[in-house]
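What follows is a short report on a single structure.
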Amino acid sequence: ILDLSNSTATSISEWLYSGVSSITLPATLSSIYSLPSQFFQGADTLTEIIVPESNTVYCSQNGVLYTKDMTGLIKYPAAKKGDSFTLPAKVRQLYYQAFYGNKNLTTINGLTQITSFINNDSDGVFSKCEKLVEIDLSGLSSTCSTLSAYTIRNSKALKKVTLSSNITTIEFACFQSLSNLEEVHFKTNTPPSIKFEASSVPTAPDHYKNFKDCQNVKFYVPSDAVAAYQKATGENGICNPDYNGAATTKEGLQALIIGE
């Protein structure tokens, strides 16, 4: 247990590591950016985050960290007990690595009310969620058109993902090491760009292709857009195996496109 309630610190510069089950933050933390973006990344034993009521920037509810106005979810503790969680009604934004490393959740209710990620950076938000089965991001607004690298990575139980019609770009390794992924639902008639830059990952670069090792995945698209998706075989195309690792040929990828 780490109790910083008597501290007068306005910022924290160190990461929180494994072994801490509960942390109480100082009442004096004065800026949402005073917590380093990866502060909770190594906190795999954390079950609760407590914030003094006098803090003017943060608050906590049932051990989960939010912005004071409850519109942003900053961190759901990785080891918090319970297999289901429902987002409070006011939450519209998820912060960097909000659910990173979660051990217990199979279901997150209310994800359709999420319209954006902090700084439009979704890096790590759903990475290493051990039991999570489904993610529905169909509510993302036009201001959130890109999914960052590592958004959904190493979440081995994940079976289904639904994306907003506003998504135009999927960065490299956004969908990575998802061995049980079966369905990705695209709501846009225009195929999104699937990015991959081997030069940025010179060691085993193919590992960083989107949908690599997703042996059972299929891509569900609007019925009147099937042809457009199947023709997306050029640079950053969803049916180009240089960018999409779900199959080794364009024909193999085209066969994975299903209208709905």
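For the residue pair S141 / T115, no side-chain donor-acceptor distance below 3.5 Å is found, with atom types taken as modelled. Residues N154 and S177 bring a donor and an acceptor atom of their side chains to less than 3.5 Å of each other. Between the side chains of S22 and E48, at least one donor N or O sits under 3.5 Å from an acceptor N or O.
Between I152 and L158, the shortest heavy-atom distance links the atoms CG2-CD2, 3.4 Å. Considering every non-hydrogen atom in both C59 and T67, the closest pair reads SG-O, 3.3 Å. Of all the heavy atoms in S179 and N216, the pair that sits closest is O-ND2, 4.5 Å. Annotation for S7 and T28: closest pair O-OG1, 3.6 Å, computed over non-hydrogen atoms. When every heavy atom of A247 is checked against every heavy atom of P241, the shortest pair comes out as O-CB, 3.6 Å. Nearest heavy atom pair, residue Q93 against residue I114, reads N-CD1, 4.0 Å.
The backbone N or O of V91 sits less than 3.5 Å from a side-chain atom of Q113, completing a donor-acceptor pair. No donor-acceptor pair under 3.5 Å is formed between the side chain of T10 and the backbone N or O of S30. Although no hydrogens or angles enter the test, the distance criterion places no donor-acceptor pair under 3.5 Å between the side chain of S122 and the main chain of V125. A donor-acceptor contact shorter than 3.5 Å links the side chain of T106 to the backbone of D83. Here the side chain of T188 pairs a donor or acceptor atom with the backbone of T190 at under 3.5 angstrom. D213 places no side-chain N or O within 3.5 Å of a backbone atom of Q176 that could act as its donor or acceptor partner. The backbone N or O of Q230 sits less than 3.5 Å from a side-chain atom of Q254, completing a donor-acceptor pair. Side-chain atoms of N210 come within 3.5 Å of backbone N or O of F175 as a donor-acceptor pair.
Under the 4.5 Å side-chain heavy-atom criterion for grouping Ile, Leu, Val, Met, Phe, Trp and Tyr, V133 is not connected to F211 through any hydrophobic cluster. Placement of I12 and Y95 within a single hydrophobic cluster is found when ILVMFWY residues are connected by side-chain heavy-atom separations under 4.5 Å, directly or transitively. F40 and L4 fall within a single hydrophobic cluster, where Ile, Leu, Val, Met, Phe, Trp and Tyr side chains are chained together by heavy-atom contacts under 4.5 Å. When the side chains of ILVMFWY residues are joined at heavy-atom separations under 4.5 Å, either directly or via intervening members, Y100 and L16 end up in two distinct hydrophobic clusters. Side-chain heavy atoms closer than 4.5 Å link hydrophobic residues (I, L, V, M, F, W, Y) into clusters, and following such links, possibly through other members, connects F39 to V20.
A distance of 5.5 Å separates CZ of F85 from CG of L73, quoted to the nearest 0.5 Å. I74 contributes atom CD1, which lies 10.5 Å from atom OG of S60 (distance to the nearest 0.5 angstrom). Y96 contributes atom OH, which lies 4.0 Å from atom CG of D123 (distance to the nearest 0.5 angstrom). Note that the OG1 atom of T56 and the CG atom of L29 stand 9.5 Å from one another [nearest 0.5 Å]. Once rounded to the nearest 0.5 Å, the distance linking CD1 of I167 with OG of S142 reads 11.0 Å. Annotation: the span from N104 atom CG to K131 atom NZ amounts to 5.0 Å, rounded to 0.5 Å.
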What do the steps show when you test S18 against D44 for side-chain hydrogen bond (donor to acceptor under 3.5 Å, both in side chains), and what is the final call?
-> CA-CA 5 Å; S18 181; D44 58 0; 2.6 Å; yes
Stepwise side-chain contact (heavy atoms from CB on, under 4.5 Å) check, L111 with I135 | CA-CA 7 Å; L111 283 175; I135 296 170; 4.2 Å; yes
From CA spacing to verdict: side-chain contact (heavy atoms from CB on, under 4.5 Å), Y220, T162 = CA-CA 9 Å; Y220 294 83; T162 302; over 6 Å; no
Could you check N109 against S84 for side-chain contact (heavy atoms from CB on, under 4.5 Å), going step by step and ending with a plain yes or no?
-> CA-CA 8 Å; N109 298 308; S84 179; 3.4 Å; yes
Does the side-chain contact (heavy atoms from CB on, under 4.5 Å) test come out yes or no for L140 and L147, once each step is laid out?
-> CA-CA 10 Å; L140 292 175; L147 289 181; 4.3 Å; yes
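Taking a 6.0 Å sphere around NZ of K80, one finds it holds more than 12 heavy atoms contributed by other residues, nucleotides or ligands. Around NZ of K68, the count of heavy atoms belonging to other residues, nucleotides or ligands within 6.0 Å exceeds 12. Counting non-hydrogen atoms of neighbouring residues, nucleotides and ligands closer than 6.0 angstrom, the CD atom of E260 exceeds 12 such neighbours.
Take F186 and apply the ring-ring contact (aromatic ring centres under 6.0 Å, His included) test, not counting sequence neighbours, and it matches Y229. Partners of F99 according to the ring-ring contact (aromatic ring centres under 6.0 Å, His included) rule, which considers only residues two or more places apart in sequence or in another chain, are Y76, F126.
Contact check for L46 versus S21: no side-chain heavy atoms found under the 4.5 Å cut-off. Side-chain contact check for S155 versus L178: some heavy-atom pair is nearer than 4.5 Å. Between F117 and L137, some side-chain heavy-atom pair lies under the 4.5 Å cut-off. Side-chain contact between T146 and N120 is absent, with no heavy-atom pair separated by less than 4.5 Å. Contact annotation: the side chain of T233 approaches that of C239 to within less than 4.5 Å [non-hydrogen atoms, C-beta and beyond]. N240 places none of its side-chain heavy atoms less than 4.5 Å from the side chain of L253. At a threshold of 4.5 Å between non-hydrogen side-chain atoms, the residues L65 and L25 count as touching.
None of T169, D242, I170 except one satisfies the side chain to side chain contact (heavy atoms under 4.5 Å, CB included) rule with I194; the exception is I170.
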